[in-house]
Amino acid sequence: HRRISRLMATINITGTGGIIEGNLGAADVNVNLDPVYGNFNGSTSSVNAGSPTMFDDIFNGAGTITAWVHPKGLGGGSSGRIFDKSKWVLHLYTESNNVAKLRFFINEGDGVWTTTNNVLPFNAWSHVAVVYDGSSTSNNPVIYIDGVSVDVTEDDAPSATIATEATSDLFIGNRSGADRGFNGYIMDAKIYKAAGLSSNQIPIAAAKINQEPTLISTASPKGWYKFNASTTADSSGNSNTASASNISTEVYDEFRVDVYDGDDTKTTGTFTVTQGKVECKALSSV
């Protein structure tokens, strides 16, 4: 997940990391990495994206939700929310050896599916996605981890097509009662309505954090919360600005630039770290 560009005599490293090796000559180097603003405390932290029409009933037909997550534990009530819109929810569910299952349910529990295996590791970044068409009770959601579909067990078959939740706000990292907080980091949350992304498109979304939507699908997300400069900004172009509560201070986690190749990596230009981390263990001197 790195973007490296050379502009005149300056090498700019932005995004979520990069690698430097070799003799850079007289180039100036500027490291300016994205922070993680989606830092959820596992209890009271929440982001409320509201209930604009374009967020309502996204699973009445084919819909998709995606996010990058870095859980540290199961979160509030051992059911930390990634997404919650009352009638439908995606949350962590049980764990073994610091790897959790995911559960998706509709109609407040009339229709429940859980990943058959533990699929979501703690203390690491994973891309999660759910594609579901609630227009038929015979449909099952497809759950992806890092771009690959995983086995899903139907715990309760839905007895009715998904009910409207137009009066409920969409929460990221918690639910309306503020008692199911996600414990860890969330970035790049995307909400698609009338767009069930395909098995070929999900791996593109999982290729890097804050992948440009135009590279994923011709369908644009209705909401896109990057969480790399703000906890409230919507980057979809639809102006669905969220509100945030009790979000912890932004962090960089393992976002860093690694310096490889020992003493052969050098520059006589200036080396500036605007924000982020530089890992220099390969060097005998700095």
Side-chain angles (χ1 to χ4, degrees), residues 1-5 12-19 33-38 47 49 54-55 58-59 61-71 82-83 88 90 92 100 102 104 113 115 117 119-121 124-134 139-152 170 172-173 182 184-230 233-238 240 242 253-258:
H1 313 306
R2 58 184 182 269
R3 303 190 298 273
I4 302 177
S5 58
N12 295 312
I13 302 178
T14 62
T16 53
I19 295 170
L33 301 184
D34 291 340
V36 181
Y37 274 77
V47 172
M54 61 185 66
F55 286 175
I58 68 169
F59 292 120
T64 304
I65 49 175
T66 72
W68 281 89
V69 298
H70 183 293
I82 300 175
F83 293 97
W88 64 263
L90 177 65
L92 278 67
L102 280 177
F104 176 76
W113 299 265
T115 58
N117 302 307
V119 295
L120 191 67
W125 284 101
S126 300
H127 184 265
V128 301
V130 176
V131 181
Y132 179 62
D133 183 346
N139 291 337
N140 292 318
V142 183
I143 298 178
Y144 297 84
I145 301 293
D146 294 331
V148 179
S149 64
V150 297
D151 292 336
V152 173
L170 172 61
I172 300 170
F182 184 86
Y185 313 136
I186 299 176
M187 292 187 76
D188 190 14
K190 293 185 175 84
I191 301 101
Y192 291 85
K193 184 176 181 178
L197 297 186
S198 72
S199 59
N200 293 324
Q201 293 169 325
I202 294 294
I204 300 173
K208 72 173 186 176
I209 294 175
N210 286 322
Q211 178 72 285
E212 287 295 330
T214 54
L215 299 178
I216 301 170
S217 170
T218 55
S220 299
K222 303 303 182 184
W224 180 18
Y225 300 94
K226 292 183 176 182
F227 295 140
N228 67 344
S230 167
D234 173 23
S235 297
S236 70
N238 293 313
N240 292 317
D253 190 44
E254 68 263 26
F255 294 172
R256 65 180 183 265
V257 174
D258 292 328

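Everything quoted here is computed from the prediction, not taken from an experiment.
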Flag the pair [X] / [Y] as yes when at least one side-chain heavy-atom distance between them is below 4.5 Å, and no otherwise.
X	Y	answer
Y225	S235	no
V152	V142	no
W68	I186	no
S149	I143	no
T16	K208	no
V130	F83	no
P121	S126	yes
I191	P221	no

Residues which pass side chain to side chain donor-acceptor pair (under 3.5 Å) with [X], listed by chain and number, not counting sequence neighbours:
X	value
N238	S236
N228	D34
S230	T232

Heavy-atom closest pair, residues [X] and [Y]:
X	Y	value
V131	G196	CG1-CA, 3.7 Å
F227	A189	CE1-CB, 4.4 Å
P71	L92	CB-CD2, 3.9 Å
P203	G147	CG-O, 3.4 Å

Who are the ring-ring contact (aromatic ring centres under 6.0 Å, His included) partners of F255, not counting sequence neighbours?
->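 Testing F255 for ring-ring contact (aromatic ring centres under 6.0 Å, His included), a comparison that skips the adjacent residues, returns W125.
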Can you sort out the partners of F104 under ring-ring contact (aromatic ring centres under 6.0 Å, His included), two or more places apart, ordered by chain and number?
->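 Checked F104 against ring-ring contact (aromatic ring centres under 6.0 Å, His included); matches are F59, Y132.
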Working for side-chain contact (heavy atoms from CB on, under 4.5 Å), residues L120 and V128 = CA-CA 9 Å; L120 191 67; V128 301; 3.8 Å; yes
Pairing residues for K190 by the salt bridge (charged side-chain N to carboxylate O under 4.0 Å, His left out) criterion, not counting sequence neighbours |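 Checked K190 against salt bridge (charged side-chain N to carboxylate O under 4.0 Å, His left out); matches are D188.
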Taking atom types as modelled and ignoring hydrogens, do the side chains of W113 and N140 form a donor-acceptor contact shorter than 3.5 angstrom?
->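 Distance-only check passes for W113 and N140.
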Can you name the residues that form a side-chain contact (heavy atoms from CB on, under 4.5 Å) with [X], not counting sequence neighbours?
X	value
N200	S198
A129	T66, H127, Y144, I202
S217	L197, Q201, A219

Nearest 0.5 Å please: distance from the [atom1] atom of [X] over to the [atom2] atom of [Y].
X	Y	atom1	atom2	result
R256	I19	CZ	CD1	9.5 Å
K193	K222	NZ	NZ	7.5 Å
I82	I172	CD1	CD1	11.0 Å

Is [X] reaching over with its side chain to a backbone N or O of [Y], donor-acceptor style, under 3.5 angstrom?
X	Y	value
D234	G223	no
Q211	I204	yes
T64	A195	yes

Name the one of V119, T115, N117 that satisfies side-chain contact (heavy atoms from CB on, under 4.5 Å) with I145?
->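 Filter result, single survivor: V119.
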Where at least one partner belongs to residues 184-217, residue pairs that pass ring-ring contact (aromatic ring centres under 6.0 Å, His included), sequence neighbours excluded =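 Qualifying pairs: H70-Y185.
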